[in-house]
Amino acid sequence: MLDDFLIRAALAGIGLTLATGPLGSFVVWRRMAYFGDATSHAAILGVALAFGFGLPLYAGTLVVALAMALTVAALSGRGHAMDTVLGVLAHAALAFGLVAASFISGLRVDLTAFLFGDILAVSRTDLAVVWGGSAVVAVLLIWRWQELLTATVNEELAQASGQDPLRARLVLTLALALTVAVAIKIVGALLIAALLIIPAAAARQLARGPESMALAATAIGAASVLGGLQASLNFDTPAGPSIVVVAALIFVLSLGVKRRG
């Protein structure tokens with residue numbers, strides 16, 4: 001079964017939604033869309049460094065994505081305007097990554113795949129990394145779910161309950177960096193944030209509570225993957241962007257549904 005590239009692509013995409021569904025819900029609740037953009041854009045610099053120093057792709061991407069996420073979290077905690085910090089770092093990291101990639105022989109040709117994803121080229125090894133990374137993110141979020149939820153609703157309430165909002169932010173930072181690292185080859189740096197945000201935004205229109213929203217976002221993400229792959233096959237369109245287009249169409253349809261309490 002895994003010899004079929006479409007099966008591998010579908011399994012990789014569905015595996016990724018195990019992380020993007022619940023994590024994307026927190027990104028929407030905490031208004032961290034730009035945070036996701038900054039982290040995912042930095043992943044291109046990680047790709048360039050991984051190729052330049054002969055490191056495993058996922059390792060280089062994870063290190064840089066994590067460094068970017070921690071940097072943004074530290075700067076925002078010191079009172080810097082969040083949107084300004086994210087805007088500067090996101091675009092600077094992407095530019096540095098593109099410039100660094102231009103000096104590496106052979107990477108220019110492959111750069112489009114890392115920008116927009118190449119889910120149809122997912123190997124069995126990639127499949128194992130995606131499912132393993134997504135499983136770690138999902139378990140981490142489930143383990144700290146109540147603490148993350150309380151800190152998201154009200155940080156003062158979380159502190160009064162003996163919880164640490166800083167630890168909650170760190171958990172989300174780690175989860176986001178790991179998700180970006182495993183997603184870079186599937187949907188690409190420019191589309192990761194879309195896969196995080198759009199299914200969660202659509203699920204928000206349909207869900208009755210936090211848990212049901214996370215599950216709905218995962219289901220919508222999986223449906224977007226399958227629908228996007230089918231559209232790519234039928235219309236010969238790029239697979240990664242097709243997945244995001246399907247997710248966007250589902251979001252538009254969700255706007256016609258009366259939001260439940």
J.: Test of understanding: with side-chain hydrogen bond (donor to acceptor under 3.5 Å, both in side chains), list the residues that count as partners of T152, not counting sequence neighbours.
T.: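 Counting only residues at least two positions away or on another chain, T152 forms a side-chain hydrogen bond (donor to acceptor under 3.5 Å, both in side chains) with R30.
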J.: With sequence neighbours left out, write down each residue that passes side-chain hydrogen bond (donor to acceptor under 3.5 Å, both in side chains) with Q163, or none if nothing qualifies.
T.: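 Testing Q163 for side-chain hydrogen bond (donor to acceptor under 3.5 Å, both in side chains), a comparison that skips the adjacent residues, returns none.
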J.: Quick one: pull up CG in L149 and CG in N154 and give me the separation to the nearest 0.5 Å.
T.: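 Nearest 0.5 Å value for the CG-CG distance: 11.5 Å.
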J.: Looking only at heavy atoms, what is the nearest atom pair of A222 and I14, with distance?
T.: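 Taking every non-hydrogen atom into account, CB-CG1, 4.3 Å.
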J.: Under the ring-ring contact (aromatic ring centres under 6.0 Å, His included) definition, can you give me all pairs with a residue in residues 222-246, not counting sequence neighbours?
T.: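 Found none.
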J.: Applying ring-ring contact (aromatic ring centres under 6.0 Å, His included), which residue pairs with at least one partner in residues 133-155 are found, sequence neighbours left out?
T.: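 The answer is F26-W145.
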J.: If you define the side chain from C-beta out and look only at heavy atoms, does anything of I250 sit under 4.5 Å from S224?
T.: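 Yes, their side chains come closer than 4.5 Å.
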J.: Just grab all the salt bridge (charged side-chain N to carboxylate O under 4.0 Å, His left out) pairs involving residues 139-149, residues at least two apart or on different chains.
T.: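 Qualifying pairs, neighbours excluded: R144-E147, E147-R167.
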J.: Going by heavy atoms in the side chains, are W131 and L11 under 4.5 Å from each other?
T.: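 A side-chain contact under 4.5 Å exists here.
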J.: Looking at CG of L233 and CG of L6, how far apart are the two atoms once the value is rounded to the nearest 0.5 Å?
T.: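 Here the interatomic distance stands at 6.0 Å.
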J.: Would a distance-only check, ignoring hydrogens and angles, find a side-chain to backbone donor-acceptor pair under 3.5 Å from R8 to S123?
T.: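 Looks like no, no N/O pair under 3.5 Å.
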J.: To the nearest 0.5 Å, what is the distance between CG on L178 and OG1 on T173?
T.: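 Result: 12.5 Å between the selected atoms.
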J.: Which atoms form the tightest heavy-atom contact between V244 and A194, and what is the distance?
T.: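 Looking at all heavy atoms of both residues, the closest pair is CG1-CB, 3.7 Å.
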J.: Closest heavy-atom contact between G133 and V182?
T.: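 That would be CA-CG1, 4.1 Å.
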J.: Roughly how far apart are S25 OG and L196 CG, rounded to 0.5 Å?
T.: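 If we round to the nearest 0.5 Å, S25:OG and L196:CG are 10.0 Å apart.
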J.: Is L215 reachable from V27 through a run of hydrophobic residues whose side-chain heavy atoms are each under 4.5 Å from the next?
T.: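 In one cluster with V27: L215, no.
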J.: Once side-chain contact (heavy atoms from CB on, under 4.5 Å) is applied, do any residues pair with L253, and if so which ones, sequence neighbours excluded?
T.: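 side-chain contact (heavy atoms from CB on, under 4.5 Å) check on L253 returns nothing, list empty.
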J.: Work out which heavy atom in I119 is nearest to a heavy atom in A239; give both atom names and the distance.
T.: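 For I119 and A239, the tightest heavy-atom pair comes out as CG2-CB, 3.4 Å.
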J.: Taking side chain as C-beta onward, heavy atoms only, is L226 less than 4.5 Å from V246?
T.: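 No, too far: nothing below the 4.5 Å cut-off.
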J.: Are L174 and V171 side-chain neighbours, meaning at least one heavy-atom pair lies under 4.5 Å?
T.: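 They are not in side-chain contact.
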J.: Taking a hydrophobic cluster as the set of Ile, Leu, Val, Met, Phe, Trp and Tyr residues connected by side-chain heavy atoms closer than 4.5 Å, whether directly or through intermediates, do V245 and L195 fall within one such cluster?
T.: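 Looking at the clustering, L195 is in a separate group from V245.
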J.: For residues 134-142, run the donor-acceptor check on the side chains, cut-off 3.5 Å, and write out each pair with its distance to 0.1 Å, sequence neighbours left out.
T.:
unit_1 : atom_1 : unit_2 : atom_2 : d
S134   : OG     : G15    : O      : 3.0
S134   : OG     : V130   : O      : 2.9

J.: Mind checking side-chain hydrogen bond (donor to acceptor under 3.5 Å, both in side chains) for S212 and listing every partner two or more places apart, or none if nothing turns up?
T.: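 Listed in chain order: nothing, the list is empty.
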J.: When you measure from the side chain of S232 to the backbone N and O of L229, does any donor-acceptor pair fall under 3.5 Å?
T.: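 Flag not set: sc S232 to bb L229 has no pair under 3.5 Å.
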J.: Side chains of Q159 and D164, heavy atoms from C-beta outward: is any pair under 4.5 Å?
T.: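 In short, these two side chains do not touch, never coming nearer than 4.5 Å.
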J.: Got a list of side-chain donor-acceptor pairs under 3.5 Å for residues 55-68, not counting sequence neighbours?
T.:
unit_1 : atom_1 : unit_2 : atom_2 : d
Y58    : OH     : D126   : OD1    : 2.8
T61    : OG1    : L57    : O      : 2.8

J.: Shortest non-hydrogen contact from G240 to L191?
T.: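 Heavy atoms of G240 and L191 come nearest at C-CD1, 3.7 Å.
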J.: I need the minimum non-hydrogen distance between F116 and P241, along with the two atoms involved.
T.: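 That would be O-CD, 4.0 Å.
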J.: Going hydrophobic residue to hydrophobic residue with side-chain gaps under 4.5 angstrom, can you get from L115 over to I104?
T.: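 Same cluster.
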J.: Nearest 0.5 Å, please: how far is OG1 in T39 from CG in L176?
T.: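 One finds 4.5 Å between CG of L176 and OG1 of T39.
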J.: Within the structure provided, determine whether V99 and F103 are in side-chain contact (heavy-atom separation under 4.5 Å).
T.: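 Yes, their side chains come closer than 4.5 Å.
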J.: Show me the donor-acceptor pairs within less than 3.5 Å that the side chains of residues 41-52 make with the rest of the protein, sequence neighbours left out.
T.:
none

J.: Distance from I198 atom CD1 to I243 atom CD1, nearest 0.5 Å?
T.: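 Spacing of CD1 (I198) from CD1 (I243) equals 11.5 Å.
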J.: Identify whether L206 and V252 are in the same connected component of the hydrophobic contact network (ILVMFWY, side-chain heavy atoms under 4.5 Å).
T.: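 No, it is not one cluster - the side chains of L206 and V252 are not joined through contacts under 4.5 Å.
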J.: Look at the side-chain heavy atoms of Ile, Leu, Val, Met, Phe, Trp and Tyr, link any pair under 4.5 Å apart, and say whether M32 and W29 land in one connected group.
T.: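 Linked within one cluster.
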J.: Would the distance check show the side chain of S40 and the main-chain N or O of D37 forming a donor-acceptor pair, the cut-off being under 3.5 Å?
T.: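 It does hold such a pair.
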J.: For D236, give me all partners under side-chain hydrogen bond (donor to acceptor under 3.5 Å, both in side chains), at least two apart in sequence or on another chain.
T.: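 Per chain and number, D236 pairs via side-chain hydrogen bond (donor to acceptor under 3.5 Å, both in side chains) with no residue.
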J.: List for me each residue that meets side-chain contact (heavy atoms from CB on, under 4.5 Å) alongside T218, sequence neighbours excluded, and say none if there are none.
T.: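 Once residues adjacent in sequence are excluded, the partners of T218 under the side-chain contact (heavy atoms from CB on, under 4.5 Å) criterion are T17, L18, P22.
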